[in-house]
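A quick write-up on the structure given underneath.
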Amino acid sequence: MAFSSLEKSPVTCQKFETDRIKEISVTQAPFPLARHRRTRASAALRNLTREVELSVNDLIWPVFLRDGEGVCEPVASMPGVNRLSLDLVVKAAQEAEALGIPAICLFPYTDPALKTEDCAEAWNPKNLTNRAIGAIKKTAPNIAVMTDIALDPYNINGHDGYVRDGEIINDETVEALVKMALAQAEAGADILGPSDMMDGRIRAIRSALEGANHRNVTIMSYAAKFASSYYGPFRDAVGASGALKGDKKTYQIDPANRNEALACVERDLMEGADMVMVKPGQPYLDIARAVKDRFGAPTYAYQVSGEYAMIEAAAANGWIDGEKVMLESLMCFRRAGCDGVLTYFAPRVAAILQG
Ligand code: PBG
């Protein structure tokens with residue numbers, strides 16, 4: 001398609017891109033005029049022709065918080081990942097900041113005694129997460145603090161929303177999520193991450209933030225979050241596995257559904273999300289690519305606990321080179337169109353990338 005027709009009608013832009021890619025693949029010179037191995041022949045040529053890069057700026061580090069002091073408690077199903085008490089989380093944030101990691105994301109392991117049906121601990125200004133936000137902002141001011149918005153760490157039922165007669169109640173849950181969001185914004189969070197998959201929560205949170213003068217607090221919506229079995233180790237880490245009755249299929253997306261995922265992303269962007277996330281990551285790279293192509297918004301993927309555990313387990317058995325697979329897996333998120341990745345590997349990768 002000629003450039004002039006693109007100028008005339010901006011709506012053909014998308015089509016132009018598609019046509020151009022098709023043209024490239026059919027206008028390739030035949031062998032031996034084209035030899036793809038020429039540009040692969042040396043590191044210099046490979047470096048020169050590489051299409052995407054992985055940088056420390058692409059990393060968001062999820063960390064698990066617990067109460068106490070000086071506590072570093074390994075998560076059995078996630079070798080190398082620990083639950084940290086507040087003092088150690090602050091230290092970890094300082095180290096991450098020094099490595100140039102742009103954001104850290106907090107997930108609390110909640111004392112079972114604090115879990116209730118009304119989940120009130122979720123918006124307690126002095127809860128573990130909110131105290132950690134304040135402490136990190138004070139000592140590591142250049143790292144963005146991201147939070148999780150969902151009721152599961154505080155819910156006696158282990159679900160992301162209120163449960164009544166076996167049903168997850170949408171609208172009342174959204175009201176609770178708004179309180180949780182405001183408490184986190186008040187504590188100083190930079191990025192709020194609603195991971196609950198209730199309908200209408202982004203609009204409700206966004207208007208509450210505007211109303212409370214938190215105009216620059218960003219929302220990274222877990223917009224395309226699937227009802228996945230890859231979250232198992234995470235639920236161990238936050239102590240939700242034991243509490244969870246049933247599954248999350250009435251609110252998280254069926255792994256078979258791509259159109260529904262795109263509709264959810266569009267909805268969340270229209271409701272005021274600044275950034276959108278696809279989760280899990282590697283098995284859902286087609287969704288990430290579609291989101292980036294269609295909406296062009298800042299797009300992230302979550303390399304979830306099960307993905308991490310699989311790489312670690314195979315590496316521990318000597319079946320794969322763990323470090324190489326870690327780096328390759330993260331590069332592939334970039335190739336799929338992601339602007340960044342939430343990954344438990346963040347500090348390890350950052351240390352490698354920083355030499
Ligand atoms: C909770 C939440 C989950 C994860 C992030 N936030 C688990 C779930 O939805 O059950 C999963 C992260 C991971 O597996 O690493 N709303």
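Atoms within a ligand are numbered from 1 in the order they appear, just like the ligands themselves. Counting from 1, the numbers follow the sequence of the chain as shown.
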For D152, the ligand 1 atoms whose distance to one of its heavy atoms is below 4.0 Å: 1 (C), 16 (N)
Atom 12 (C) of ligand 1 has as its nearest protein heavy atom F234 CD1, 3.3 Å
Is the closest side-chain donor-acceptor distance between D268 and S221 under 3.5 Å? yes
Would a line drawn from the ring center of Y344 to the ring center of F64 be shorter than 6.0 Å? yes
Relative to the heavy atoms of Y302, which atoms of ligand 1 are at a distance of less than 4.0 Å? 12 (C), 15 (O)
Do you know which of T129, N127, T147 makes side chain to side chain donor-acceptor pair (under 3.5 Å) with Q184? T147
For atom 8 (C) of ligand 1, find the nearest protein heavy atom and state the residue, atom name and distance (0.1 Å precision). K248 NZ, 3.3 Å
Element-labelled atoms of ligand 1 that are located less than 4.0 Å from some non-hydrogen atom of K225: 1 (C), 2 (C), 3 (C), 6 (N), 8 (C), 9 (O), 16 (N)
Sequence neighbours excluded, which residues qualify as salt bridge (charged side-chain N to carboxylate O under 4.0 Å, His left out) partners of E97? none
Ion pair present between R83 and D236, side-chain N to carboxylate O less than 4.0 angstrom? no
For ligand 1, which atoms, with element, lie under 4.0 Å from some heavy atom of A150? 16 (N)
Those atoms of ligand 1 less than 4.0 Å from some heavy atom in D160: 16 (N)
Please list, in number order, the atoms of ligand 1 under 4.0 Å from a heavy atom of R235. 8 (C), 10 (O)
Parallel, tilted or perpendicular: which describes the rings of F107 and F234, with under 30° parallel and over 60° perpendicular? perpendicular
Tell me whether Q252 reaches ligand 1 (any heavy atom closer than 4.0 angstrom to a ligand atom). yes
Contact region, D148 to ligand 1, non-hydrogen atoms below 4.0 Å, reads side chain
Using the ring of Y231 (Phe, Tyr or Trp, six-membered ring only), decide whether K225 places NZ or CZ under 6.0 Å from its centre and within 45 degrees of its axis. yes
Protein contact of atom 4 (C) of ligand 1 - nearest heavy atom, named by residue and atom, plus distance: K279 NZ, 2.5 Å
Near Y344 (heavy-atom distance under 4.0 Å), the atoms of ligand 1 are 12 (C), 13 (C), 15 (O)
Residue portion contacting ligand 1 (non-hydrogen atoms closer than 4.0 Å) for V304: both
